[in-house]
Amino acid sequence: MLTPIQAWVATLVTLGVLSYLYKENPVFRLLEHVMLGLSTAHILVMSWHGTGKMILMKYILEDQKLLYIIPVVGGLLIYTRFFPKIAWIARIPMSYWVGYGIGYSFAYDPRPMLGQIIDSFIKFQGKTPGVTVNNILFFIFLTCSIAYFFFTIKRENPLMNVAATIGRYAIMAALGAGFGGTVISRAATFYGRAFFLLKTFPNTVFR
Amino acid sequence: MLFQLAAAAAPKTFWVKGQMVPFIFLMVVLAFVYFFISRAKAGMPVPPIRKINGLEAIDEAVGRATEMGRPVHTTSGLGYVSTPSTFAFWAILAHVAKLCAKYDTRLINTNNDYQVLTVNEEIIKQSYLEAGRPDAFNADDVRYLSGWQFTYTAACLGIFQREKIAANIMIGHFMAEAMLLAEGAHNAGAVQIAGTLSTFQLPWFITACDYTLIGEEIFAAGAYVSREPVLVGSVIGQDMVRILVFVLIFVGTILQNVQAKNVLADFLRR
Amino acid sequence: MNIFEKLQKIDARIIYLVVFAAIAVPMLRPIGLPVSVSAETRQAFEYIEKLPPNSVVWLGGDYDMSSAPELTPTGQAIARQLFKSGHKVILYSMWETGAMLNNAWLSAIAKEFNKEYGVDWVDLGWKPMAATVLRNMTQGIVAAASDSDIMGRPLSTMPLIQAVPQLTRPYVELVVDLTTGRPGDADYLSTVSPDADKEKGVPMVVVCTGISGPGKMPYIRSGQYKGLVVGMSGAAEYESLVGRLGDGTAGMDSQAAVHALIIVVIILGNVGYVLSKKK
Amino acid sequence: MRKELPLLLTFVTALTVVVFRMTQWGWDTKFLQTFSLAFTTTGVAAMFVGAINIFRIHLGHIRRRKEGWIFSVVALACLVFYTLLGWRTTNQGVTYKWIFDAIWTPINSTIFSLLIFYVASAAYRAFRIRTKEATVLLLCGITVMLTRVALGKMIWSEIPNAGNWLLRVPASAAFRAIDLGGYIGMFAVSLRLLLGLERSHLGGLGGSMH
């Protein structure tokens, strides 16, 4: 729970950010820069207290697990980019990071993808005629949407043209539905702020 | 020691359960892509790629910014250095940076991740070098704006208005900030080209941006703009995989409807 | 400029002001509109109802302040449902800024049901590199969590954690993930669910923000998610299923007003567009 | 060496993850745990890169007395003060938390909450029935919007059914197609990087391009 002074500060900064909706102004600019400083600092603090301190103080200095020096030094190599002559060395940690990402993508992504493919094998016959129709429609929309993404098959092919058109409409319907279905959560975030301004703030300050 | 471990594990399967078929599948995908990359590189005939809406718009947008004498902004959003959609951004960034170098247009790149920042700076620097304008590269325009989503967004909104950007190119991994950036840049008067894999954010991009690359188009974009054989070959390889997936779904669905037990599904599940 | 052109060029700031009013006015003067329950929400509710007695349920609290209005009400309703049926809860938060928030509401509900900490529920809190730690939890919770809960108390002495050595079946029956982005349900799906480990993977029910709801539909279809509760409306639905109305239900009036408003501005813009083109 | 070493490292790293994740032997060693920690460690060791970038840019603004340089002073002051404070007291320190709760959290949520305003203005500006496709987009959007709140049912009891059908059938199918394509693209771009065919992350040192 916020103290009254905190509530005052929080209210002022909330209004300050909302003022951007009118136009860009010095108050917003100030808050923007305050946030830049605080957030960058917060990353540094969390990195140090969350992981850095444990690795340096406990693993390396206390437990003498000296192998941990390798990734520490490896990470530090990134700073060579500030010295033009040896800047190429910075590519070593970069290539390690990228390799790690590729490895994870290769190791973890094929299975969920196969899961999606297997699930697309649909038995059309449903419990009711309505379900059957929906199953068939799902199949048509799915295959046509995939066809929409074919980059090499020419659209002049009439079958391809029909499929890609249906696919394009299905994608548009999906994006429309995506828009309509998500307004609610956008509104919910502001609902949270309005709740703070109109209820939490007066209850905290004018108790 | 290692041998002992291996021996102990021998009676079990070689693959972690349920990983064999995914591995085979991955290998097939990679083989297709590799095959067509090699073909394209060797200059052998490959099928042409269809036009992707929105990509010529990148050149137009940079051209417009040049005429107006205002900067171009690019970002890969919240992706990490290990996120594949960030890889897609890099191919496009190289192209945009070269265009900007050629036309002498200011390029602003903002970042939410310091690891991505290092790579982006490298790419932009290299592109300016290749365009013969290493002097025009300004390191101050490759900016880190904290690793927090909405701090990053606020800083971007401020930069859009103050620097009066004329073009905004957003390709990569985006989350809630997608709409804030898109509408913010629109209010600053920018032409926008956006693309992402995220099906949550595509609706907002479609609404607020002038051109939107949907899903995998971001991976084809690099190939389309650069026309480099490797990328073109890769896109064709991807398309062959897509045809494979299409066929798999077709065959699987037929089997599902005529067989009591779907052998294909059972195999893929292994 | 005629009226049709004017209709197409309303200043955005006027729209902003009306949006503010549409949310604030119903908040201060609620109307109490009815709620209808969607199939996905009911699926989630029934899956949890049918859990074997004394199950351990893993609650993932992967969000912070910003998504709290949408997710916390559902989280509260589910926690009430679980405690009422005598299940045990382990809470793990992958968003650093949300860990304390989750602790606050869950401990309040535990108190409401007279549940004992360490026996009936445990809060692991947030750990640096949370998603990597989650991956490691499937091989041992105590080691992965550095043997400390949210307040730094040792986990290895807690009866609940002694009974649940790792985040796999048969120890944990279900993961309920309250998710707003990354890290979140995608991490559970790729590292904890049956997708990652066919035999010992834990099935999951997902509570997500309205924004990510449509994108998660394929996972419901495929059965990778056993249930899906979407956003504030999902919260209101869940509250009506559990039979105890709360914040989710209250917010839906403001939601109705905002939705109506957006539809009205779309229509206004189009009326102007069509008529000015006709002329 | 400048060319080969980074490429080799990318390849070996990726292979390591694949082997230790997918083979039973590798999985049993639990080596991936250590490897992930090593990855984290390099990231943490590189944590000052972002801060250095901010310092370089904002010190430049201050030195050149660029318009608005005073804001740069504020940003740097906040950065230095909050870092030192946090390092001394950890993020659980009283002052640290005070600032976090009273300033950081409300600003963060308020920026997020600007979205609904932008959604409204963008819907007004861009949802025009210009083409048939745009009309489909708009109608589906409105239907699902009405589904989400009680209004839909009040207008016509079938609207929620229509909205849910849209989400379950066409939207679900199209999103799956987008996702499947995304996976394929991810594998392909990863392969190009792995083989050094993509110039990008090594700054043009891939070699086989052009």
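Lettering follows sequence order; numbering is per chain, from 1.
Comparing A:Leu44, A:Leu18, A:Ile5, A:Ile43 by heavy-atom pairs within less than 4.5 Å of chain D, the highest count is held by A:Leu44. Note: A:Ala41 leads A:Pro93, A:Ser47, A:Ala41, A:Gly192 in heavy-atom pairs under 4.5 Å with chain D.
Judged purely by atom type and a 3.5 angstrom limit, D:Glu133 has no side-chain atom pairing as donor or acceptor with the backbone of A:Arg168. Of the possible donor and acceptor atoms, none in the side chain of A:Arg186 sits under 3.5 Å from a partner among the backbone N and O of D:Leu115. D:Thr10 contributes a side-chain N or O that, together with a main-chain N or O of A:Ser95, makes up a donor-acceptor pair within less than 3.5 Å.
Interface with chain D: from residues 110-124 of chain A, residues A:Pro110, A:Pro112, A:Met113, A:Gln116, A:Ile117, A:Asp119, A:Ser120 qualify, criterion being any non-hydrogen pair under 4.5 Å. Contact annotation for residues 142-152 of chain A against chain D (heavy-atom separation below 4.5 Å, listed by residue number): A:Leu142, A:Ser145, A:Ile146, A:Phe149. Taking non-hydrogen atoms and a 4.5 Å limit, the residue list of residues 23-33 of chain A in contact with chain D, ordered by number, reads A:Pro26, A:Arg29, A:Leu30, A:Leu31, A:His33.
A:Ile78 CD1 to D:Phe48 CZ: the interatomic distance, rounded to the nearest 0.5 Å, is 14.0 Å. Taking CD1 from D:Ile178 and CD1 from A:Ile171, the interatomic distance works out to 5.0 Å, rounded to the nearest 0.5 Å. Atoms CG and OG1, on A:Leu67 and D:Thr34 in that order, are 10.0 Å from each other to the nearest 0.5 Å. Taking OG1 from D:Thr40 and CE from A:Met54, the interatomic distance works out to 8.5 Å, rounded to the nearest 0.5 Å.
Atom CZ of A:Phe201 sits in a crowded spot, with more than 12 heavy atoms from other residues, nucleotides or ligands closer than 6.0 Å. Remark: D:Lys132 NZ is loosely packed, at most 12 non-hydrogen atoms of other residues, nucleotides or ligands lying under 6.0 Å away.
In this structure, the side chains of A:Val45 and D:Tyr96 come closer than 4.5 Å at one or more pairs of heavy atoms. Taking the side chain as every heavy atom from C-beta outward, A:Val9 and D:Trp98 approach each other to under 4.5 Å. Looking only at side-chain heavy atoms (C-beta outward), A:Leu36 and D:Leu79 stay at 4.5 Å or farther from each other.
Aromatic ring orientation, D:Phe127 versus A:Phe179: tilted (interplanar angle from 30° to 60°).
Judged purely by distance below 3.5 Å, without hydrogens or angles, the side chains of A:Tyr100 and D:Thr16 never pair a donor atom with an acceptor atom.
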Residues D:Phe117, A:Phe190; criterion ring pair (Phe, Tyr, Trp, His ring centres under 6.0 Å); working and verdict: CA-CA 9 Å; D:Phe117 299 102; A:Phe190 186 72; 4.8 Å; yes
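Partners of D:Ala45 by side chain to side chain contact (heavy atoms under 4.5 Å, CB included), not counting sequence neighbours, listed by chain and number: A:Leu76.
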